[in-house]
Amino acid sequence: MNLSLCCISKSLSDEGHRFKTMTYTQFCKKPQDESMNELCARILHNFKITHRTIKYCQENYIQGYRLSSSLAPVLTHKNVNLKISDLPNYPSIVQECESIQQTLQKQYLRISAHPSEYITLSSLDENCIKNSILDLEQHAEIFELLGLPKSYQNPLNIHIRQDGDPVGISKRVMKVYDSLPNSVRNRLVIENNDNAKGVWSIKNLLKYFPNIPITFDTLHHKLLNDDWTHDYAFHSAADSWTFFTPLFHYSEGIVEKGKETRKHADMPTSYPTNYNRPVFWDVELKHKCHAIFKIRQLAANNL
DNA sequence: ACCAGTCAAGGAAGC
DNA sequence: GCTTCCTTGACTGGT
């Protein structure tokens, strides 16, 4: 079973290896020089934490890693609008990324990313679209820095945030999609969602986005299955990846009043089913690496 | 050292 | 139609 760690290793985090961040509000509170120096230092630090986490995955035979979506905060804010390559310490960041590439060459790890939940390519507000594209482009810039191919082997996964008429929404999304740079478009995949009155089930994603790989998320599907069984949705989504190995999401919801909610649980009680197909699973459980180890154990016990 | 409040996004959902 | 919620982990400032 190919399992993938999402952003953070809880073990490393507990040892004090944590990402650093900065909000736009904080950035504005101090003189620009001072804030920029601090921001650059934090971003470089984040690449080093990423490198450390990648090594952790390799040491523990974890086959995939989802990059944090806040490696380089503030830069994509509309009033800042900087690329990583604009930073004064860019050479140091490049150096760290080259070092990460060397690490990746020693032992394969499938790298992916899940840009912000707030990305929307269907918005009627042009500024929202613009901000979303900036965010996606920054992710692509990081993938390029890591020397990753522009393909679904290293996917950028997003949701269709907006619910309503799927015809109009998909039309708007595809118009933006066609304008995206190759570095984003060639990696972009779409995940099912689970809003109570939502339309973006696996069934509808496949129907309205027939040429884009669809990410099957087990928990979202439980909450919005649109009359498709788990195995039918799994196989249909897997087929959409054609000759790439699908990267799916596995999670379990906290049970409240006898009902499974969309809130992610800390640890698994079960494990994902592959139906004998090759699949990678991002493990979206809060205890991160510990959840991965538990899934392995549960699966091994049932062999 | 610890704790509660803050931060960011844009659409959903509730009143 | 307006307000609150969602989500996350780290930052911030007060004790």
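What's counted below: heavy atoms across the whole structure, side chains too, no hydrogens, waters or symmetry copies. Note on naming: letters A, B, ... go to the chains in the order of the sequence lines (proteins, then strands), and numbering restarts at 1 for each one.
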Mind checking what makes side chain to side chain donor-acceptor pair (under 3.5 Å) contact with [X], not counting sequence neighbours?
X	answer
A:Arg172	A:Gln162
A:Asn276	none
A:His230	A:Tyr275
A:Tyr250	A:Glu252

If the helix axis at each end comes from five base pairs, how far does the helix from B:dA1-C:dT15 to B:dC15-C:dG1 deviate from straight, to 10°?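 Result, rounded to 10 degrees: 60°.
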
Test your reading of the model: is there a side-chain donor-acceptor pair from A:Ser251 to the backbone of A:Glu284, 3.5 Å cut-off? yes

Selection [range] - residue pairs positive for ring pair (Phe, Tyr, Trp, His ring centres under 6.0 Å), sequence neighbours left out:
range	result
residues 146-183 of chain A	A:His114-A:His159, A:Tyr152-A:Phe244, A:His159-A:His220
residues 25-63 of chain A	none
residues 62-112 of chain A	A:Tyr24-A:His77

Checking A:Asp239 now: which residues fulfil salt bridge (Lys or Arg N to Asp or Glu O under 4.0 Å) with it, not counting sequence neighbours?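 Once residues adjacent in sequence are excluded, the partners of A:Asp239 under the salt bridge (Lys or Arg N to Asp or Glu O under 4.0 Å) criterion are A:Arg277.
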
Could A:Glu144 and A:Arg187 be called an ion pair, given the rule that one side-chain N must be under 4.0 Å from one carboxylate O? yes

Can you build the contact string for nucleotides 6-15 of chain B? Use B for base contact, S for sugar-phosphate-only contact, and - for no protein heavy atom under 4.0 Å. -SSBBSSS--

A:Ser4 and A:Asp282: CA distance, side-chain angles, deciding distance, side chain to side chain donor-acceptor pair (under 3.5 Å) verdict: CA-CA 5 Å; A:Ser4 172; A:Asp282 272 351; 2.7 Å; yes

So if I take residues 259-269 of chain A and measure heavy-atom distances to DNA chain B, which residues fall below 4.0 Å?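 Here the set is empty: none.
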
Reading DNA chain C in the 5' to 3' direction, which nucleotide is the first one with an atom under 4.0 Å from a heavy atom of chain A, and which is the last? C:dC6 to C:dT12

